[in-house]
Every structure is written in C-alpha cells, then in structure tokens.
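Remarks on the structure that follows.
Remember, it's 1-based here, ligands and their atoms both numbered in the order they're listed. Given the structure is predicted, the values throughout are model-derived calculations rather than measurements.
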Amino acid sequence: MPTKIEKDAVTGRETTGHEWDGVKELDTPLPKWWLYVFFACIAWAAGMFVLYPSIPYGKGYFHGVLGYSQRAAVDADVAKLIAQRKGSMDKIAALSFDAIKADPALMEVALTSGRITFAENCQPCHGPGGGGRPGFPALAAGAWIWGGTLADIQQTVTHGIRSADADARQSAMPRFGADGMLKPAEIEAVADYVWATFYGHPTAGQDVSAGAKIFADNCVACHGDKGQGNRDMGAPRLASHVHLYGDTRETIVSQVTLPRQGVMPNWGTRLDPATIKSVALYVHSLGGGE
Ligand code: HEC
Ligand code: HEC
C-alpha cells in the first residue's frame with residue numbers, strides 16, 4: 001500500500017502515512033517538557049560517569065575525577081568508631097570496677113558492650129537476660145553457685161568452670177550411684193529428704209529420717225547441714241527455689257546417681273580483658289549482683 005502523508009482534519013496533525021483498515025496513525029511528537037527532562041537525565045548521567053567511579057575494565061575500573069570510594073568512606077567511618085571505642089575500652093581495661101562505676105559515661109559504654117557480648121556468647125546457654133535454663137544457672141536470680149561479686153564473675157568468666165583452663169573453678173560431686181557409693185534405695189531416701197525439706201515439697205506423714213542420715217553422712221560437707229550450699233566447693237544451695245537442674249524430684253535422683261558436672265567455657269582465650277569486665281558489669285547489673 002503506498003504511504004501517503006496527509007493532515008488530519010480533527011487535530012490538524014500530520015499522519016505517518018500508515019493506515020490499517022481505515023484507521024490512520026497520527027505523527028504525535030513527544031511533549032517538550034518530557035524531552036527536556038530526558039535530555040537533562042542523559043546530561044546528568046554523563047556528568048556522574050565522569051565524576052564518580054563508573055566504567056570497569058580488566059582488573060580495575062575508572063575511579064572518577066572526584067576519586068570517591070564508598071569502601072574508603074566505610075573504612076574511614078569504622079576506623080573512627082574503633083578509635084572512639086578504643087579510648088573507652090582501654091579505660092575499662094585499666095580502671096578498677098569501682099572507678100568504672102563512678103564514671104557514668106564509661107559505665108554506659110561498658111553496659112552496652114556487655115549486653116552485646118552477652119547476647120552473642122552467653123545467651124545460648126544462660127538464656128535471655130540471664131534467666132537460666134536447666135543445667136545453665138540463672139545469673140539474674142542472686143542464687144550464686146560460685147559468687148556474685150564483680151570479681152567473682154570476672155574470675156568465673158575468664159577461667160571458666162571445669163574447663164581446660166589451669167585456673168578454672170574445679171569441684172566434682174561424687175558419682176554416688178554410678179560408682180556404687182549409695183544403693184538405689186538409699187538414693188531414693190536421700191532424694192525424698194532433699195525434696196521434702198530443702199526443695200520444700202513435703203508429703204504429709206512421710207518419714208524422711210533415713211534420708212536425713214544419708215545426707216548428713218554424704219552431702220553435708222559440700223551442701224551444708226541446712227542445704228545452704230558452699231561457694232568454695234561450687235555446691236549449689238539446695239534450700240532454694242532456684243535450681244540448676246530444675247525443681248523436680250527426678251533431677252535430684254539423677255544428680256545423686258550421676259552428677260552432670262556442667263562445664264562453663266573459659267572466655268579468657270576468646271574475649272579480651274576489657275570485654276570480660278564489660279560483660280561482668282552487665283551480668284552484675286541483671287538483678288542478682290552482690
Ligand atoms: C556452653 C554453655 C555456656 C556458655 C556459652 C556460657 N556459660 Fe556460663 N555457665 C555454664 C555452666 C554449665 C555453668 C555452671 C557450672 C556449674 O557450676 O555447675 C555456668 C556458670 C556461669 C557463672 C557462675 C554462676 C554462679 O552461680 O556462680 C557465670 C557468672 C557465668 N556462667 C557467666 C557466663 C558469661 C558471662 C558467659 C558469656 C561470656 C557465659 N557464662 C557463657 C555454661 C555456659
Ligand atoms: C564434693 C562436693 C559435693 C558432695 C559431697 C555432694 N554434692 Fe551435690 N553438688 C555438688 C556440685 C559441685 C553440684 C553442681 C555441679 C554439678 O555437679 O553438676 C551439686 C549439685 C547437686 C544438686 C543439684 C542442685 C540443683 O540446683 O539443681 C543436688 C540435688 C545435689 N547436688 C544433691 C546432693 C546430695 C543429695 C548429695 C549427697 C548424697 C550431694 N549432692 C553431695 C557438690 C557436691
């Protein structure tokens with residue numbers, strides 16, 4: 001079909017000459033404002049190409065006239081942050097706990113750092129906010145096994161408990177059942193006594209005197225005659241409602257049969273002294289600090 005360019009009677013515009021079944025195509029130009037914006041974008045892009053890093057080649061790239069680099073900008077920010085933090089962390093490492101506590105700004109840095117360290121390293125075992133889990137002591141309850149002063153906590157965290165560290169806190173409850181020191185019936189009896197008197201779940205009319213005798217002969221040295229525990233031995237307080245292994249009679253039987261002797265890692269090999277002090281201050285602040 002021959003193309004015929006003509007004027008459209010309604011709009012006054014030219015047609016392109018294309019026609020389909022009597023429908024003619026108008027030759028409508030782009031709006032001027034749209035074109036100018038479009039050209040401005042091209043000019044802007046060309047400018048950015050020249051000013052900023054753009055065209056890659058081989059192993060490098062064109063760095064741009066301004067020499068800007070996002071990586072360098074981030075590195076500079078990080079370096080600034082480390083420098084800022086380093087000043088505070090160096091102070092925390094050097095100062096005594098009392099001196100840190102007397103400096104509110106420094107204390108804030110320590111508690112923030114301690115909270116993050118705790119969430120990353122301690123929470124999986126000790127639970128959020130140090131609430132504890134079966135086998136992993138509550139740190140917020142004030143029911144300390146080894147001690148809850150800042151120095152105690154620092155020592156525990158640095159060297160661990162039953163860990164490979166030479167200065168780790170050590171103690172081992174005897175394997176009364178597994179090593180045949182007590183017969184199963186005796187274990188049941190002593191569990192009845194501990195459950196009724198110290199854990200506070202007495203059964204009416206129950207006679208626990210046999211268990212009391214076994215306790216006096218075998219357990220008092222570590223746990224105390226009133227079940228008060230002994231921090232030098234890391235023997236938990238039994239007369240309490242906070243229990244390492246849970247508040248059930250079965251945990252008493254299983255502990256006397258085969259003690260679990262939980263291991264707390266020695267963090268001194270993984271965290272620097274300032275970070276350990278910070279996490280000690282954080283743990284101490286959870287509510288149970290002494
Ligand atoms: C792999 C599990 C695990 C991790 C991780 C862990 N702990 Fe422990 N922690 C234990 C166990 C188990 C005990 C109790 C050992 C015992 O005495 O029977 C303990 C005991 C403690 C105690 C002594 C509590 C007391 O009553 O005297 C403190 C303090 C403590 N942990 C702090 C921390 C801090 C701070 C971190 C993180 C830097 C941490 N723990 C990470 C397992 C863990
Ligand atoms: C040499 C010291 C020692 C002696 C003796 C000892 N214990 Fe323990 N006991 C511990 C220690 C340490 C723990 C905690 C760490 C572990 O073994 O898991 C513990 C934990 C326990 C627990 C768990 C407490 C909790 O909070 O969940 C019970 C219950 C217990 N002992 C009962 C006894 C009874 C009953 C006897 C006597 C038959 C006894 N122990 C003798 C040191 C001792």
Side-chain angles (χ1 to χ4, degrees), residues 114-127 130 132-150 152-163 168-177 181-182 186-187 189-195 197-199 211-212 214-224 227 229-268 270-271 275-284 286 288-290:
R115 180 164 46 78
I116 295 165
T117 306
F118 191 86
E120 282 175 358
N121 300 286
C122 323
Q123 195 157 305
C125 285
H126 289 286
R133 301 182 196 280
F136 305 105
L139 303 176
W144 298 101
I145 301 172
W146 297 92
T149 67
L150 283 165
D152 289 335
I153 299 171
Q154 184 186 23
Q155 161 76 22
T156 302
V157 177
T158 306
H159 301 291
I161 301 165
R162 303 183 191 94
S163 69
R169 298 189 185 277
Q170 297 289 353
S171 79
M173 171 157 157
R175 299 153 32 115
F176 290 100
M181 301 162 72
L182 291 176
E186 293 172 316
I187 293 175
V190 78
D192 279 342
Y193 172 70
V194 170
W195 178 244
T197 51
F198 302 139
Y199 279 41
I214 297 166
F215 190 85
D217 292 345
N218 296 280
C219 321
V220 162
C222 291
H223 290 288
N230 181 340
R231 288 182 177 184
D232 293 334
M233 309 295 300
R237 186 183 179 88
L238 301 178
S240 161
H241 290 292
V242 182
H243 298 294
L244 184 53
Y245 297 117
D247 190 19
T248 69
R249 190 180 168 284
E250 289 74 63
T251 61
I252 305 172
V253 173
S254 78
Q255 175 70 9
V256 178
T257 306
L258 184 62
R260 265 155 286 190
Q261 301 175 350
V263 172
M264 154 80 178
N266 48 320
W267 295 92
R270 267 174 277 183
L271 303 175
T275 305
I276 289 182
K277 275 171 120 174
S278 300
V279 82
L281 281 160
Y282 173 74
V283 167
H284 191 260
L286 290 174
E290 293 175 343

Open item on the list: For the residue pair R260 and Y245, would you count it as a cation-pi contact if the rule is NZ or CZ under 6.0 angstrom from the ring centre and within 45 degrees of the ring axis?
Closed with: yes
When distances are taken from atom 13 (C) of ligand 2, the protein heavy atom at minimum range is P236 CD, 3.3 Å
Closest to atom 1 (C) of ligand 1 among protein heavy atoms sits C125 SG, 2.8 Å
Could you check whether F198 and F215 have their ring centres less than 6.0 Å apart? yes
| query | Within the structure, does P174 bring an N/O atom to less than 3.5 angstrom of an N/O atom in ligand 2? | reply | no
Atoms of ligand 2 under 4.0 Å from any heavy atom of Y199, numbered from 1 in the order shown, are 24 (C), 25 (C), 27 (O), 29 (C)
Quick note on ligand 2: atoms under 4.0 Å from a heavy atom of M233 include exactly 12 (C)
Closest heavy-atom approach to atom 15 (C) of ligand 2 among R162, E186, R249 is made by R162
N, O or S from M264 under 2.8 Å to atom 8 (Fe) of ligand 1 = yes
Atom 26 (O) of ligand 2: closest protein heavy atom, distance to 0.1 Å, is L244 N, 2.8 Å
Closest to atom 41 (C) of ligand 2 among protein heavy atoms sits F176 CE1, 3.5 Å
Within the 4.0 Å heavy-atom cut-off, what W144 brings close to ligand 1 is both
Ligand 2 to H243, heavy atom cutoff 4.0 Å, flagged ligand atoms 26 (O), 27 (O)
Look at the aromatic rings of Y282 and F118 and report parallel, tilted or perpendicular, splitting at 30° and 60°.
tilted
Quick note on ligand 2: atoms under 4.0 Å from a heavy atom of A172 include exactly 1 (C)
Does ligand 2 come near enough to Q261 that some N or O of the ligand is less than 3.5 Å from an N or O of the residue? yes
Ranked by distance from atom 23 (C) of ligand 2, the top protein heavy atom is Y245 CD1, 3.7 Å
Ligand 2 N/O within reach of S171 N/O, cut-off under 3.5 Å = no
- Query: ligand 2 and H223, any nitrogen or oxygen pair closer than 3.5 angstrom?
  - Reply: yes
So for W267 against ligand 1, with non-hydrogen atoms under 4.0 Å, the contacting part is side chain
for atom 17 (O) of ligand 1, nearest protein heavy atom and its distance come out as W146 NE1, 2.8 Å
Checking heavy atoms under 4.0 Å, the part of L238 that sits near ligand 2 is side chain
The answer for which part of L139 has a heavy atom under 4.0 Å from ligand 1 is side chain
* Using distance alone, decide if ligand 1 has a nitrogen or oxygen within less than 3.5 Å of any nitrogen or oxygen in N121. => no
| Should Q255 be counted as touching ligand 2, given the test is an N or O pair under 3.5 Å? | yes
Contact region, P265 to ligand 1, non-hydrogen atoms below 4.0 Å, reads side chain
protein heavy-atom neighbour closest to atom 31 (N) of ligand 1 works out as H126 NE2, 2.8 Å
Counting from 1 in the order shown, the ligand 2 atoms closer than 4.0 Å to a non-hydrogen atom of G234 are 11 (C), 12 (C)
The option among R260, R175, M173 carrying the non-hydrogen atom nearest to atom 10 (C) of ligand 2 is M173
Note: I145, heavy atoms under 4.0 Å from ligand 1, region reported as both
At under 4.0 Å between heavy atoms, what of C122 touches ligand 1? The answer is both
